[in-house]
Amino acid sequence: MKELFLVAVGAALVNNVVLSQFLGLCPFLGVSKKVKTAAGMGGAVIFVITVSSAVTWLINHFVLETLSVTYMQTIVFILVIAALVQFVEMFLKKYSQGLYQALGVYLPLITTNCAVLGVAISNASDGYGFVTALVSGFATAVGFTISIVILAGIREKIEYNDIPASFQGMPIVLVTAGLMAIAFYGFAGLI
Amino acid sequence: MNKPVERLYNGIVKENPVFVMMLGMCPTLAVTSSAINGAGMGLTTTVVLTLSNMMIAALRKLIPNRVRIPAFIVVVATFVTLVQMLLQAYIPSLNKSLGIYIPLIVVNCIILGRAEAYASKNKVIPSMFDGLGMGLGFTIALTLIGLFREILGNGTAFNVTVMPKVYEPITIFVLAPGAFFVLAFLVAIQNKIRNRKAVNVKLVTSCDAGCAGCASAGICGGHEKQIDGEAVLKEQKQE
């Protein structure tokens with residue numbers, strides 16, 4: 001139990017997926033203009049990463065390792081993730097209208113979120129067990145959501161500030177993200 | 001200008017994937033803690049990009065339009081796996097320092113973007129030069145960012161000490177926050193030059209320029225605009 005807790009805190013805060021591993025930067029910089037859309041994206045990412053880390057673990061363990069073709073990991077994982085996202089979208093559309101309306105728009109965009117593939121590959125290379133992989137996937141996604149929501153909150157405030165012309169747009173967002181990354185270094189003492 | 005040279009110029013200067021189009025941000029920030037890592041990542045991506053562009057251009061008439069994206073992904077993933085195996089065998093040190101970012105070249109939107117925007121519509125040779133140009137543009141950008149970070153954060157360039165002994169390295173530049181700061185300043189400098197050069201050219205933010213070709217166009221600004229647009233429409237209706 002204690003080990004699982006450490007994995008969770010490590011994945012969510014200490015090695016934050018965006019701010020220290022630089023995975024999933026596209027949505028982090030692209031979909032963070034408003035807190036509401038950022039939270040929606042975060043919710044969809046939590047959902048997909050958790051499901052995909054379970055599925056890719058099963059496939060890696062029972063198919064790739066049994067056939068000893070682990071070098072196929074990259075190809076198999078990306079196809080599984082793409083298919084999974086499609087499937088999840090169809091499933092939600094049919095059985096859970098509420099959830100579909102909340103997450104629907106974000107789902108197709110997640111296939112190319114490198115955090116999903118990154119979590120699957122690092123789970124496999126760290127040799128995590130099923131439960132640990134699941135917890136690490138979930139916590140990583142929670143870390144993503146925390147940071148994207150914080151950035152969106154800051155960006156909403158930045159709109160009212162007087163920023164030098166050259167720094168408007170992407171540069172000021174990058175500076176903000178850099179400052180957030182410094183702040184997240186504070187969590188390093190937790191473990 | 002003949003075609004190969006034009007494609008190279010286009011990739012390196014006119015549509016530089018990092019500085020102009022803002023594509024492939026993950027590896028750009030993650031592996032540029034030193035100039036050598038940046039160059040290694042850039043060259044690895046160049047190899048994958050050139051080969052996958054050639055393969056996709058060769059297969060462009062065979063791939064049905066409806067399944068083209070999955071087909072592109074399979075082609076790219078195959079080349080990434082090949083290159084990863086070659087690196088493991090011949091340059092293990094680079095393989096170790098790039099780590100997880102090598103398999104993640106698959107989801108680098110520069111590669112899918114070029115496949116969709118250029119290789120799927122053009123012949124093999126121009127596509128090869130397009131891949132080569134884009135790849136070199138990416139390599140130059142990564143090496144430049146890596147060089148800045150290494151000089152400021154470590155006082156060295158390509159592992160050779162360049163700063164005088166009195167210089168105290170600012171370690172934060174080789175850590176994660178430094179990546180954001182260096183890129184922010186490079187983009188700001190570029191905005192400055194662009195604004196001075198042509199007043200009419202609008203400021204390039206997020207991925208305005210490359211959205212049409214980028215496989216993840218939805219993720220970047222385009223999607224946000226769409227959502228914003230829908231929200232605005234709703235508001236107007238309510239009024």
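Note on naming: letters A, B, ... go to the chains in the order of the sequence lines (proteins, then strands), and numbering restarts at 1 for each one.
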Tell me, for [X] versus chain B, whether the close heavy atoms (under 4.5 Å) come from the side chain, the backbone, both or neither.
X	value
A:Tyr185	side chain
A:Ile78	side chain
A:Gln73	neither
A:Ala177	both

Is there a side-chain contact between [X] and [Y] (heavy atoms, below 4.5 Å)?
X	Y	answer
B:Phe181	A:Leu179	yes
A:Leu19	B:Phe180	yes
A:Thr74	B:Gln84	yes

Which atoms form the tightest heavy-atom contact between [X] and [Y], and what is the distance?
X	Y	value
A:Leu29	B:Met25	CD1-CG, 4.4 Å
A:Ala181	B:Pro177	CB-CG, 3.8 Å
A:Pro171	B:Asn191	CG-ND2, 3.9 Å
B:Leu104	A:Cys114	CD2-O, 3.7 Å
B:Ala179	A:Phe22	CB-CZ, 3.8 Å
A:Gly24	B:Cys26	N-SG, 3.8 Å

Proximity breakdown for [X] and chain A, heavy-atom pairs closer than 4.5 Å:
X	result
B:Thr78	both
B:Ile172	side chain
B:Leu29	both

Answer yes or no: are there more than 12 heavy-atom neighbours, outside [X] itself, under 6.0 Å from its atom [atom1]?
X	atom1	result
A:Met180	CE	yes
A:Phe130	CZ	yes
B:Tyr118	OH	yes
A:Phe184	CZ	yes

Any idea which of A:Ile172, A:Val116, A:Ile121 has the most non-hydrogen atom pairs under 4.5 angstrom with chain B?
->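 Top count of heavy-atom pairs under 4.5 Å with chain B: A:Ile121.
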Looking at A:Gly178, A:Ser122, A:Ala83, which has the largest count of heavy-atom pairs under 4.5 Å with chain B?
->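 Among A:Gly178, A:Ser122, A:Ala83, the one with the most close pairs to chain B is A:Gly178.
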Which of B:Asn108, B:Ile189, B:Leu183 touches chain A most, by non-hydrogen pairs under 4.5 Å |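 Heavy-atom pairs under 4.5 Å are most numerous for B:Leu183.
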Under a 4.5 Å heavy-atom cutoff, which of B:Pro27, B:Gly178, B:Ala77 has the most pairs with chain A?
->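 Going by pairs under 4.5 Å, I would pick B:Ala77.
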To the nearest 0.5 Å, tell me how far A:Ile75 CD1 sits from B:Thr81 OG1.
->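 Those atoms lie 4.0 Å apart.
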Trace of the side chain to side chain contact (heavy atoms under 4.5 Å, CB included) decision for A:Phe167 with B:Lys192 = CA-CA 9 Å; A:Phe167 271 90; B:Lys192 186 94 186 163; over 6 Å; no
Side chain to side chain contact (heavy atoms under 4.5 Å, CB included) between B:Leu82 and A:Tyr71: does it pass, once the steps are laid out?
-> CA-CA 9 Å; B:Leu82 285 177; A:Tyr71 62 87; over 6 Å; no
